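The model shown is predicted, which means the values in this text are computed figures rather than measured ones.
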Amino acid sequence: WAALRSGDRIRAGNSTIRVEVEQPLDPTLELTEGDLLLPDGRPLCRTCTEATQPLGQPGVAFYCDECQERILRHPPLPPGYAQPRELGRGSMGAVYVVQHLRMATSHAMKIILPRMAVSWVNQQRFLREARGQARLSHPNVVRVFDLYELLPGVCGLTMEYVPGENAAQLLERSGPL
């Protein structure tokens, strides 16, 4: 898939979005206080301290396969939210519907997959997406409410929940558009 560049335009119906690409921060990472390494350099899972395979850059949270799956089955929640139910998973993240306890409303919560959070580039992509979407205001774009670090290196965001079918369900029901 092609990368977007500053100045590119995305058109959908009568709407046009002009793309502005922000430059990433310095990708040089240091080991953080929470990172534990074996003598051979392999990181230890931050949850269970079992050895993991070297998955990416040092200084980013590492989780073993079992803990990654546990995180996705029982995602950490921002304060004030409960009852997560998974709506779907993509290549970069998972989306849940969650209940905002004080407001008694349903919100959507998206988290970066723990295996993707190992990469500083992926973390920055997730943050840029969240911040970019938060700046949009359009009836056909869901609003982003907040951004969180749910676990070391695992970011999440809460956004407007719109019930209904997803694109795959629509295509299955009505055929190609």
Pair up each side-chain donor or acceptor in residues 71-88 with any protein partner under 3.5 Å, not counting sequence neighbours, and list the distances.
{"unit_1": "Tyr81", "atom_1": "OH", "unit_2": "His107", "atom_2": "ND1", "d": "3.0"}
{"unit_1": "Glu86", "atom_1": "OE1", "unit_2": "Arg89", "atom_2": "NH2", "d": "3.2"}
{"unit_1": "Glu86", "atom_1": "OE2", "unit_2": "Arg89", "atom_2": "NE", "d": "3.1"}

Point to revise | Shared-cluster residues of Val141, by chain and number - hydrophobic side chains joined below 4.5 Å | key: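 When side chains under 4.5 Å apart are linked, the cluster holding Val141 also contains Leu136.
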Check your understanding: For Leu101, which fellow cluster members are found when Ile, Leu, Val, Met, Phe, Trp and Tyr are connected by side-chain heavy-atom distances below 4.5 angstrom, either directly or through intermediates?
Key -> none
In Å and rounded to the nearest 0.5 Å, what is the [atom1] to [atom2] distance from [X] to [Y]?
| X | Y | atom1 | atom2 | result |
| --- | --- | --- | --- | --- |
| Ile111 | Phe126 | CD1 | CZ | 8.0 Å |
| Leu157 | Arg131 | CG | CZ | 11.0 Å |
| Asp8 | Arg18 | CG | CZ | 9.5 Å |

Looking only at heavy atoms, what is the nearest atom pair of [X] and [Y], with distance?
| X | Y | value |
| --- | --- | --- |
| Ala130 | Leu147 | CB-CD1, 3.9 Å |
| Leu150 | Met109 | CD1-SD, 4.4 Å |
| Ser91 | Arg115 | O-NH2, 3.8 Å |
| Cys155 | Leu127 | SG-CD2, 4.0 Å |

Review point. Any ion pair linking Arg125 and Glu129 (charged N to carboxylate O, less than 4.0 Å)?
Key: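 No, Glu129 and Arg125 are not salt-bridged.
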Point to revise | side-chain contact (heavy atoms from CB on, under 4.5 Å) partners of Thr16, counting only residues at least two apart | key: Arg9, Arg11
Review point. Glu160: what forms a side-chain contact (heavy atoms from CB on, under 4.5 Å) with it, not counting sequence neighbours?
Key: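 By the side-chain contact (heavy atoms from CB on, under 4.5 Å) rule, Glu160 matches Val142, Arg143, Phe145, Val162.
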**Study point:** Exceeds 12 heavy-atom contacts within 6.0 angstrom, atom CD of Gln169
**Key:** yes
Practice item. Among residues two or more places apart or on two chains, list those pairs meeting side-chain hydrogen bond (donor to acceptor under 3.5 Å, both in side chains) that have a residue in residues 92-104. Key: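 As it turns out, the side-chain hydrogen bond (donor to acceptor under 3.5 Å, both in side chains) pairs with a partner in residues 92-104, which skip direct neighbours, are Gln99-Ser106.
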